[in-house]
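All residue numbers in this chain count up from 1 along the given sequence.
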Amino acid sequence: MQDELFTVNRELSDPDPHALDEAPDPAAPLAVRMRPRGLGDVVGQAHLLGEGAPLRRLVEGAAPASVILFGPPGTGKTTLAYLMAGATGRRFVALSALSSGVKEVRGVIDAARRRRSHAAEDTVLFIDEVHRFSKTQQDALLGAVEDRTVLLVAATTENPSFSIVSPLLSRSLVLQLRSLTDDDISEVITRALTDERGLGDAYDLDDDARAHLVRLAGGDARRALTALEAAADAMPTGERSISLATVEATVDKAAVRYDRDGDQHYDVISAFIKSIRGSDVDAALHYLARMVEAGEDPRFIARRLVVHASEDIGMADPTALQAAVAAAHAVQFIGMPEGRLALAQATVHLATAPKSNAVITGIDAALADVRAGKAGTVPPHLRDGHYAGAKHLGNAQGYAYPHSVAEGVLAQQYPPDELVGTDYYHPTDRGAERVLAERVPKLRAAVRVTPSAEDNAR
């Protein structure tokens with residue numbers, strides 16, 4: 001998304017280390033007015049901005065290096081690029097990959113080369129949404145980055161390993177920004193309410209309105225400030241207190257009654273899983289939407305889907321576990337909000353799949369016997385024989401290799417004596433498990449022998 005502060009090819013003339021101290025345009029959007037003017041104003045990203053951290057050193061004017069900033073929207077990528085230019089006294093040029101091509105890139109590089117030659121002035125080239133550049137467009141940057149005609153600061157919301165060409169990656173420092181925490185967003189809101197560049201203490205914000213703004217932000221500071229500004233603009237003259245109703249009315253999105261740290265967290269996830277178990281796909285999608293909208297950790301949702309795939313579906317649809325694991329990987333890979341699609345697909349798959357709890361009842365029954373002491377010794381013919389002395393102990397003697405017979409199934413004792421004849425897995429006649437319901441009894445009849453019968457056979 002193109003940042004509000006910059007338009008294509010807009011340049012900041014005569015930048016200096018104090019340029020960020022100038023008062024912003026009071027008519028600019030709140031998110032622009034509240035842009036950090038120095039590292040001390042930056043919220044979040046402590047892993048990159050701590051003492052001695054690479055990004056802090058770059059912003060403070062250490063040895064120049066081109067940088068690819070990778071992270072979700074509203075986490076400060078443009079701000080950090082601007083701070084790098086301001087702190088080092090370089091000229092700042094911004095391009096958006098949404099509306100720029102090779103011609104614009106080469107034009108900036110040529111101008112930077114002239115300024116460097118005639119005025120000893122270096123240039124920071126900021127490219128937003130760089131992943132939208134084609135390979136040819138990215139290749140056009142290589143020479144200028146290599147000889148430092150420009151100091152490239154590129155921003156992307158996509159994994160650079162998959163969206164940026166290798167030569168450009170190898171010439172750049174790749175730094176990953178993280179979504180802002182709820183506390184970070186709350187601090188951003190507080191600053192905007194009190195700072196003269198922002199709302200200048202003209203308004204108070206109710207606690208539930210603040211909580212809703214934090215939820216709506218989803219880790220995106222720009223989104224939080226945009227929503228706050230809309231609510232403030234809608235306030236009647238003379239009123240100070242911004243309520244939840246005002247925020248809801250201005251952002252056209254109802255507050256989700258959901259507390260990630262309270263009962264609602266457990267109630268909603270419980271209803272979600274029970275709706276899937278009950279095969280109500282619509283209710284399951286509703287509860288999924290509530291969690292997504294409330295900012296629930298998508299990895300938590302994905303983990304519950306993986307558990308549910310084995311617990312309540314199991315072998316009735318063996319592909320359910322694959323779908324849930326794939327959704328978990330997709331969420332980890334692409335993040336939110338796009339990750340909601342993978343979560344929704346897995347939810348639909350699991351909710352509409354045939355159900356069986358035979359897997360969990362089987363393993364729990366086996367665990368109950370083990371905990372009750374029904375372990376027994378491993379039959380000698382199944383023990384490990386790959387060490388000196390094993391044969392002397394009688395280990396691995398008389399083991400029958402199933403692949404030696406055409407059917408691949410033959411009779412011999414597998415469980416300890418105490419558990420011969422014990423059934424743990426009881427397949428249902430639902431879905432793909434219907435086949436197993438017919439096959440498992442036949443397998444049991446084919447492989448099972450009593451200890452005495454096996455002794456006689458030997």
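- Contact detail for Gly76 and Leu177: the closest heavy-atom pair is C-CD2, 4.0 Å.
- A side-chain donor-acceptor contact under 3.5 Å links Asp184 and Thr181.
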Inset, instruction - Please step through side chain to side chain contact (heavy atoms under 4.5 Å, CB included) for the pair Met34 and Leu30, ending with a clear verdict. - result: CA-CA 6 Å; Met34 291 305 302; Leu30 180 62; 3.8 Å; yes
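- A salt bridge does not link Arg290 with Glu296: every distance from a Lys NZ or Arg NE/NH1/NH2 to an Asp or Glu carboxylate oxygen is 4.0 Å or more.
- Expressed to the nearest 0.5 Å, how far CZ of Arg222 lies from OG1 of Thr75 amounts to 8.5 Å.
- Arg430 CZ: more than 12 foreign heavy atoms inside a 6.0 Å radius.
- Atom CG of Asp147 has more than 12 neighbouring heavy atoms from other residues, nucleotides or ligands inside a 6.0 Å radius.
- Closest approach of Ser275 to Ala283, counting heavy atoms only: OG-CB, 3.6 Å.
- Contact check for Thr190 versus Arg210: side-chain heavy atoms found under the 4.5 Å cut-off.
- Of the charged side-chain nitrogens involved, at least one lies within less than 4.0 Å of a carboxylate oxygen, so that Arg444 and Asp423 count as a salt-bridged pair.
- For the pair Thr246 (side chain) and Ile242 (backbone), a donor-acceptor distance under 3.5 Å is absent.
- In terms of heavy-atom proximity, Gly71 sits nearest to Lys77 at O-NZ, 3.2 Å.
- Atom CZ of Phe272 sits about 5.0 Å away from atom CG of Leu288, to the nearest 0.5 Å.
- Arg340 places a side-chain N or O within donor-acceptor distance of the main-chain N or O of Pro337, the cut-off being under 3.5 Å.
- Expressed to the nearest 0.5 Å, how far CZ of Phe133 lies from CD of Gln138 amounts to 8.0 Å.
- Exactly one residue among Ile127, Asp128, Ile68 makes a side-chain contact (heavy atoms from CB on, under 4.5 Å) with Thr156. That residue is Ile68.
- Using a 4.0 Å cut-off between charged side-chain N and carboxylate O, Asp312 and Lys355 make no salt bridge.
- Contact annotation: the side chain of Leu168 approaches that of Leu152 to within less than 4.5 Å [non-hydrogen atoms, C-beta and beyond].
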Without placing hydrogens or testing angles, list every side-chain donor-acceptor pair under 3.5 Å for residues 403-410, not counting sequence neighbours.
| unit_1 | atom_1 | unit_2 | atom_2 | d |
| --- | --- | --- | --- | --- |
| Ser404 | OG | Tyr401 | O | 2.5 |

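- Residues Met291 and Leu343 fail the side-chain proximity criterion, which asks for heavy atoms closer than 4.5 Å.
- Counted by atom type alone, Tyr424 and Asp364 present zero donor-acceptor pairs between their side chains at under 3.5 Å.
- Formation of a donor-acceptor pair under 3.5 Å by the His47 side chain with backbone atoms of Gln176 is found in this model.
- Closest approach of Ala353 to Asp317, counting heavy atoms only: CB-OD2, 3.7 Å.
- Closest heavy-atom contact between Leu244 and Ala209: N-CB, 3.6 Å.
- For Gln332 against Arg299, the heavy-atom pair with the smallest separation is OE1-CD, 3.4 Å.
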Inset, instruction - Show your working on side-chain hydrogen bond (donor to acceptor under 3.5 Å, both in side chains) between Asn159 and His131 and close with a plain yes or no. - result: CA-CA 9 Å; Asn159 190 329; His131 59 272; over 6 Å; no
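- The environment of His286 atom NE2 is dense: over 12 non-hydrogen atoms of other residues, nucleotides or ligands sit within 6.0 angstrom.
- Panel note: side chain Thr422, backbone Leu419; a donor-acceptor pair is recorded below 3.5 Å.
- Residue Ile189 holds its CD1 atom at 6.5 Å from CG of Leu205, rounded to the nearest 0.5 Å.
- A 4.5 Å side-chain heavy-atom check between Val105 and Gln137 finds every atom pair outside the cut-off.
- The closest donor-acceptor contact from the side chain of Arg197 to the backbone of Arg35 lies under 3.5 Å.
- Annotation: side chain of Leu180 is not in contact with side chain of Asp220 (no heavy-atom distance under 4.5 Å).
- Residues forming a salt bridge (charged side-chain N to carboxylate O under 4.0 Å, His left out) with Arg171 (at least two apart in sequence, or on another chain): Glu146.
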Inset, instruction - In sequence, state the C-alpha distance, the side-chain angles, and the governing distance for Arg191 and Asp41, and then conclude on side chain to side chain contact (heavy atoms under 4.5 Å, CB included). - result: CA-CA 10 Å; Arg191 289 183 183 179; Asp41 293 337; 4.0 Å; yes
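- With Thr319 contributing its side chain and Gln322 its backbone, the two residues share no donor-acceptor pair below 3.5 Å.
- How far OH of Tyr287 is from CD1 of Ile301: 14.5 Å, rounded to the nearest 0.5 Å.
- Counting only distance, with no hydrogens or angles, the side chain of Glu418 and the backbone of Lys374 share no donor-acceptor pair below 3.5 Å.
- A 4.5 Å side-chain heavy-atom check between Ile276 and Leu305 finds at least one atom pair inside the cut-off.
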Inset, instruction - Starting from the C-alpha separation in whole Å, work towards a yes-or-no answer on side chain to side chain contact (heavy atoms under 4.5 Å, CB included) for Leu228 and Leu199. - result: CA-CA 10 Å; Leu228 174 61; Leu199 301 179; 4.1 Å; yes
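- Counting heavy-atom neighbours within 6.0 Å of Arg106 CZ, excluding the residue itself, gives a total of 12 or less.
- Taking 4.5 Å as the limit, every side-chain heavy atom of Val124 sits out of range of all side-chain heavy atoms of Val150.
- Side chain of Thr361 to backbone of Ala358: a donor-acceptor contact under 3.5 angstrom is found.
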Inset, instruction - With side chain to side chain contact (heavy atoms under 4.5 Å, CB included) as the test, would you mind laying out the steps for Glu311 and Arg277 before giving the verdict? - result: CA-CA 9 Å; Glu311 179 179 359; Arg277 180 182 296 139; 3.8 Å; yes
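- Ion pairing between Arg434 and Glu438 fails under the 4.0 Å rule for side-chain N and carboxylate O.
- Between Glu229 and Arg33 there is a salt bridge, with a side-chain nitrogen of the basic residue lying less than 4.0 Å from a carboxylate oxygen of the acidic one.
- Remark: the backbone N or O of Thr123 is not paired with any side-chain donor or acceptor of Arg91 at under 3.5 angstrom.
- At a threshold of 4.5 Å between non-hydrogen side-chain atoms, the residues Val32 and Pro29 count as touching.
- Under the ring pair (Phe, Tyr, Trp, His ring centres under 6.0 Å) criterion, Phe333 pairs with Phe162, not counting sequence neighbours.
- Annotation: the span from His349 atom NE2 to Gln345 atom CD amounts to 9.0 Å, rounded to 0.5 Å.
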